[in-house]
Chemist: 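Before anything else, here's the structure in question.
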Amino acid sequence: MEVLAEVHRDDGYPVNWPERPGAWLSQASSLGAWVAELDGRLVGHVSLSRSGEGDLAPGLWSERSGTSEDLTAVVSRLFVAPQARGHGIGALLIGRAVEESRRRGVHPVLDVVASDTAAAALYERLGWELMATVEQRWSPSQLVSIRCYTAAS
C-alpha cells in the first residue's frame, strides 16, 4: 500500500483514494494478483478478476465478439512505483495477467481513465486495441471519461 500511496501522490492513481486501500487491492483479484520486485523492493502490482459492477470493457467486448461477458477477465489495479519505471515492469505485469487469462480460457480487457495518458500509451504500445471512450458517472458530481481496451486476439 506504500507503493500505491506513492503512485497516488505522484500520478493521481487511483483517481479517488480508497477508504480501505488493502480491500480495494484485494477485491479486484478474484482470478489472481501479482507483484513485481526490483532490487528486493516491491515496485509494482496488477490484478485479474471477473467482470464487476462499473467495468465497461467486458460488455463492449461481449457485444463486439458475440460472446458472454463471462468469457472476459479484467486487468486492473496496475501500478509501478515512479522510481522503478523504465525497466519494463508494467509490461511484465500486464503480460503475466494476460497469460493467466489465456490459461483460464478468458479474454483480457481493461478500463483506464482517459486522463491517464501514460497508461493508455503503454497499453497501445503492447498491442491493446481501444474499443471506445465512454463517459461514466462515479458520483453525482464526478463524470469521468473512460477508455476501454481489449487485448490483441
Side-chain angles (χ1 to χ4, degrees), residues 1-58 60-61 69 72-104 106-139 141-152:
M1 288 184 288
E2 288 176 23
V3 175
L4 180 62
E6 185 179 346
V7 169
H8 177 71
R9 185 180 60 248
D10 287 9
D11 302 330
Y13 176 83
V15 171
N16 298 324
W17 183 253
E19 186 175 311
R20 295 177 26 235
W24 182 81
L25 283 173
S26 64
Q27 75 184 16
S29 61
S30 63
L31 298 177
W34 299 269
V35 296
E37 290 184 354
L38 182 64
D39 299 327
R41 182 169 180 259
L42 183 70
V43 295
H45 176 275
V46 70
S47 291
L48 187 67
S49 64
R50 293 285 181 196
S51 176
E53 184 180 340
D55 290 325
L56 301 172
L60 290 170
W61 185 83
E69 282 187 39
T72 64
V74 179
V75 177
S76 65
R77 310 305 198 252
L78 173 67
F79 56 92
V80 175
Q83 72 277 9
R85 294 178 186 159
H87 295 278
I89 294 167
L92 288 171
L93 286 166
I94 292 169
R96 180 63 186 99
V98 168
E99 178 184 306
E100 180 64 17
S101 67
R102 303 251 194 251
R103 188 186 72 74
R104 291 174 175 267
V106 293
H107 186 80
V109 296
L110 61 84
D111 296 334
V112 63
V113 176
S115 61
D116 192 346
T117 56
L122 171 64
Y123 304 138
E124 291 173 12
R125 196 167 51 251
L126 295 175
W128 287 68
E129 179 187 342
L130 177 65
M131 294 184 287
T133 301
V134 180
E135 299 294 317
Q136 187 177 42
R137 184 155 302 282
W138 285 4
S139 75
S141 62
Q142 190 177 30
L143 184 64
V144 181
S145 184
I146 305 293
R147 295 173 63 94
C148 303
Y149 285 90
T150 178

Chemist: Hey, is the main chain of L143 close enough, under 3.5 Å, to the side chain of E135 for a donor-acceptor pair?
Modeler: no
Chemist: Is atom CZ of R137 surrounded by more than 12 heavy atoms (other residues, nucleotides or ligands) closer than 6.0 Å?
Modeler: yes
Chemist: Just one of R147, M131, Q136 clears the side-chain contact (heavy atoms from CB on, under 4.5 Å) bar with L56, so which one?
Modeler: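 That would be Q136; it is the only one of R147, M131, Q136 passing the side-chain contact (heavy atoms from CB on, under 4.5 Å) with L56.
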Chemist: With a 4.5 Å limit on heavy-atom distance, are the side chains of V7 and P82 in contact?
Modeler: yes
Chemist: Answer yes or no: is there a side-chain heavy-atom contact under 4.5 Å between V15 and V144?
Modeler: no
Chemist: Got more than 12 heavy atoms from elsewhere within 6.0 Å of CD, E19?
Modeler: no
Chemist: Spell out, as yes or no, whether a donor-acceptor pair under 3.5 Å connects the side chain of D55 to the backbone of G52.
Modeler: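 A pair under 3.5 Å: yes.
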Chemist: Show your reasoning for whether salt bridge (Lys or Arg N to Asp or Glu O under 4.0 Å) applies to E100 and R103.
Modeler: CA-CA 5 Å; E100 180 64 17; R103 188 186 72 74; 2.6 Å; yes
Chemist: Is any side-chain heavy atom of H87 closer than 4.5 Å to a side-chain heavy atom of L38?
Modeler: yes
Chemist: Which distance, rounded to the nearest 0.5 Å, do you find between the CD of E37 and the CD1 of I89?
Modeler: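 With rounding to 0.5 Å, CD (E37) is 10.5 Å from CD1 (I89).
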Chemist: Which residues pass the ring pair (Phe, Tyr, Trp, His ring centres under 6.0 Å) test with W138, not counting sequence neighbours?
Modeler: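 With sequence neighbours excluded, W138 shows a ring pair (Phe, Tyr, Trp, His ring centres under 6.0 Å) to no residue whatsoever.
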Chemist: Can you confirm whether E99 sits close enough to R102 that some side-chain heavy atom of one is under 4.5 Å from a side-chain heavy atom of the other?
Modeler: no
Chemist: Measuring from atom CG of L78 to atom CG of L93, what distance do you get when rounded to the nearest 0.5 angstrom?
Modeler: 6.0 Å
Chemist: List the residues meeting salt bridge (Lys or Arg N to Asp or Glu O under 4.0 Å) with R85, not counting sequence neighbours, and say none if there are none.
Modeler: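 Listed in chain order: D11.
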Chemist: Indicate the atoms forming the closest heavy-atom contact of M1 with G22, along with that distance.
Modeler: SD-N, 3.2 Å
Chemist: Give a yes or no on whether the backbone of W24 and the side-chain of R77 come within a donor-acceptor separation of less than 3.5 Å.
Modeler: yes
Chemist: Which heavy atom of L4 sits nearest to which heavy atom of P14, and what is that distance?
Modeler: CD1-CD, 3.7 Å
Chemist: Kindly determine whether V75 and V46 satisfy side-chain contact (heavy atoms from CB on, under 4.5 Å), including the steps that lead there.
Modeler: CA-CA 7 Å; V75 177; V46 70; 3.7 Å; yes
Chemist: Do S47 and Q27 have side chains that get closer than 4.5 Å, going by heavy atoms?
Modeler: no
Chemist: Hey, does S101 have a side-chain heavy atom less than 4.5 Å from the side chain of L31?
Modeler: no
Chemist: As an exercise, state the distance from CD of E129 to OH of Y149, rounded to the nearest 0.5 Å.
Modeler: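 Here the interatomic distance stands at 10.5 Å.
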Chemist: Is any side-chain heavy atom of V109 less than 4.5 Å from a side-chain heavy atom of L60?
Modeler: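 No - every pair of side-chain heavy atoms lies 4.5 Å or more apart.
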Chemist: Determine whether L25 and F79 satisfy the following criterion, side-chain contact (heavy atoms from CB on, under 4.5 Å), listing intermediate values before the conclusion.
Modeler: CA-CA 11 Å; L25 283 173; F79 56 92; 3.7 Å; yes
Chemist: Within the distance-only criterion (no hydrogens, no angle test), does the side chain of H107 pair as donor or acceptor with the backbone N or O of T72 below 3.5 angstrom?
Modeler: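 No, the answer is negative, given that no donor and acceptor are paired below the 3.5 Å cut-off.
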Chemist: Relative to each other, are the rings of Y123 and W128 parallel, tilted or perpendicular (30° and 60° limits)?
Modeler: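 Ring orientation of Y123 relative to W128: tilted.
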Chemist: Give the C-alpha distance, both sets of side-chain angles, the deciding distance and a yes or no for side-chain contact (heavy atoms from CB on, under 4.5 Å) between I146 and V113.
Modeler: CA-CA 5 Å; I146 305 293; V113 176; 4.2 Å; yes
Chemist: Taking all heavy atoms of S51 and all of V74, pick out the closest pair and write down the distance.
Modeler: CA-CG2, 3.9 Å
Chemist: Is any side-chain heavy atom of S76 closer than 4.5 Å to a side-chain heavy atom of D111?
Modeler: no
Chemist: Any chance you could measure L110, atom CG, to L48, atom CG, to the nearest 0.5 Å?
Modeler: 10.5 Å
